[in-house]
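Beneath this line is the structure, given in structure tokens, with notes to follow.
We use all heavy atoms of the structure for the numbers below, so side chains are in, but hydrogens, waters and symmetry mates are not.
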Amino acid sequence: MFRTTTWVNHDLNDLADDRGPAKKEGGTSFDGWYKYAGWIAIIGLWELAPRFGWADPQFLPSFSQVLSTIVQLLFDGTLATHAVVSLWRVIVALLGAALIGLPLGILLGGWLTGLAEDLRPLLRVFGQVNPFSLMPVFIFFFGIGEMAKAAVLGWVALWPILHHTITGVRMVDPVYIKTARSMNIARMDFFTQVLLPGAAPSIFVGLRIAVNLAFFILTAAEMIGASAGLGWAVHNAHCMYQFPRLYASAVMIIALGYGTAQLLRWVERSYFFWKEPTQDGESLSGTETAKAKARQLGWGEWILIASLLFSFIYVGDGVVDRVNEEDKNFGRAQNQPLMDHRQHGVSPGQSNMDHSQHRSGQNQNQSGSEQNQLPKEHDEPGNFVPVIKP
Amino acid sequence: MANRLAKWTDKFIDYIGLIGFFVIWEMAPRIGLADPQFIPPVSQVIADMWKIGSSGELFIHIVTSLRRTLLGLFLAIVLAIPTGFILGGIFPRLTQYLRPLLRLFGQINAFSLFPIFILFFGIGEVAKVSIIFWSTIWPVLFTTIAGVQQVDPLYIKSARSVGANPVTIFFKVILPGAAPSIFTGIRLGSTTAFLMLIAAEMIGASAGLGWLIHNSQINNLIPRLFVATITIALLGMGLNYYIHWFEANLLTWKQAPERAGKG
């Protein structure tokens, strides 16, 4: 039933690795394109299903169509703007959460262990509190706008980071600490050479969970109340039945989330250049492939990464401001078609065009009711759209 | 008696952070540190909770949300564990090919798929349950595959050498060996699932705790909003503790379950 050879051939580190048994023999034999056979199959299916009529092309546009929509929207700038806005929100919120969570976690885990123990149930409750329900509190503290949204994301991201930082600091091997102490290490060196590297694996797990959760929540938050961002784009496309745009935005969200996660993995690998990939509950979802590529980053590279990050935040800040300003000025111009529909139903006959449409609709309905005995409500004016009766 | 008293004192000290938080929450609006309109004192929230709870309204929302969560969770577990055993145990080569795809699926934000779920399954319960299903199935599947592949080959070899048949090996060696890893996946999945559900109910539902939050927010019923918040937090913790309890009772040979996850 179960081929035992598969277990015999592996040792634990191989299992943690993507490459499996081939790694020991050839090294790179599992690095070819066929590693992505699953992706290719799914995309092929997606392309063929609407073309051969297995799925309704109106509801499931083919992959090439979605791709061309993405390219088109990227060039006309709308999708790019939404992507920048979403990414900016996530990055700002994550940086905020990390800036609070890391020092606090190190402090609680390293020095105030008694307090950390006392606070544990409270932190656990906070971690379970749904961020959306705290919206009024955030609005009370930060006002309406980007800060409240960033606070929702930051709230979600803060608890995993804090929890894993506390755990990580406390899990540092006491032997290392004692050895370092016995060598009379300077306070700063102790921190950067012993404590931080020891706690880092756990901290990275926390960061990864935080990134995932922040992306989840961002999409939901943008769907519920925002005027820009990819979540809004998905929601808006859905409301307006623009299915290729819906799929395009969804694919963008997926690509961004996946890309961010991969980026974080890469940073983690570069930080732990000396280490085999870690194996734990969270990282099981994606174990590392390119172990061989990992190497130590120099100071220059870290500074480059940081400056790229900050310049993105700076540029993104401008974009977000512009988007919000436009939203204020044009009064949600993009929602207009939706609003028109509603106006038809609630207050018929506001404009001349509406009048004539209603009349013709009425006439048709009346003649229809004589001939075909339509239900009575069809006689009322303006009933060709969903109606809220006065 | 003294023993019990000491135990209670210990418990009290354990929860001193929580108690302090509630005291601050009660005092801050009363002495004017916070606007009571936005942050009502905790006693008012509890009074409101009693009011909604005794009329049965809260109960309906809790049951609706829990039913959706448990249904999605159950379906995901039922599907993911056998698939994980088959992929991890019988077709390890296929698993390698599928791994990038599965990893991508695991990263996919269930919310970006929500409109698509609605498209295919309608606005009803199925769309909401499918969000839970989607966000739970991948962690469980991954951890099951990893759990199966991490069973010590020595155990399997020794079981073979004493003449155990494959069925016995499966139930006595592989299943117990993979169980801790599987439980980690279930715990991870259920935490995310609960968060997702609340957001899904805010977007489109007519009952459930997420709806209660959304509705209270629109109607500016701040105490009711906090009632919903506390209920969700308690339910989420309850679910977590239940899975811990279940794990501890099922895996009696394991000494102390590691506490992964957030919180």
Proximity breakdown for B:Phe105 and chain A, heavy-atom pairs closer than 4.5 Å: side chain
Non-hydrogen side-chain atoms of A:His82 and A:Met252 separated by less than 4.5 Å: no
Contact winner vs chain A - B:Ile116, B:Ile232, B:Ile19, heavy-atom pairs under 4.5 Å: B:Ile116
B:Ile118 versus chain A, the contacting section by heavy-atom distance below 4.5 Å: side chain
Flag if over 12 foreign heavy atoms under 6.0 Å of OH, A:Tyr258: yes
Side chain A:Ser86, main chain A:Leu230, donor-acceptor under 3.5 Å: yes
Part of A:Gln262 within contact of chain B (heavy atom distance under 4.5 Å): side chain
Region of A:Ile217 that comes under 4.5 Å of a non-hydrogen atom in chain B: side chain
B:Gln150 side chain to B:Ser181 side chain, donor-acceptor N/O pair below 3.5 angstrom: no
pair A:Leu123-A:Ile166: side-chain heavy atoms closer than 4.5 Å: yes
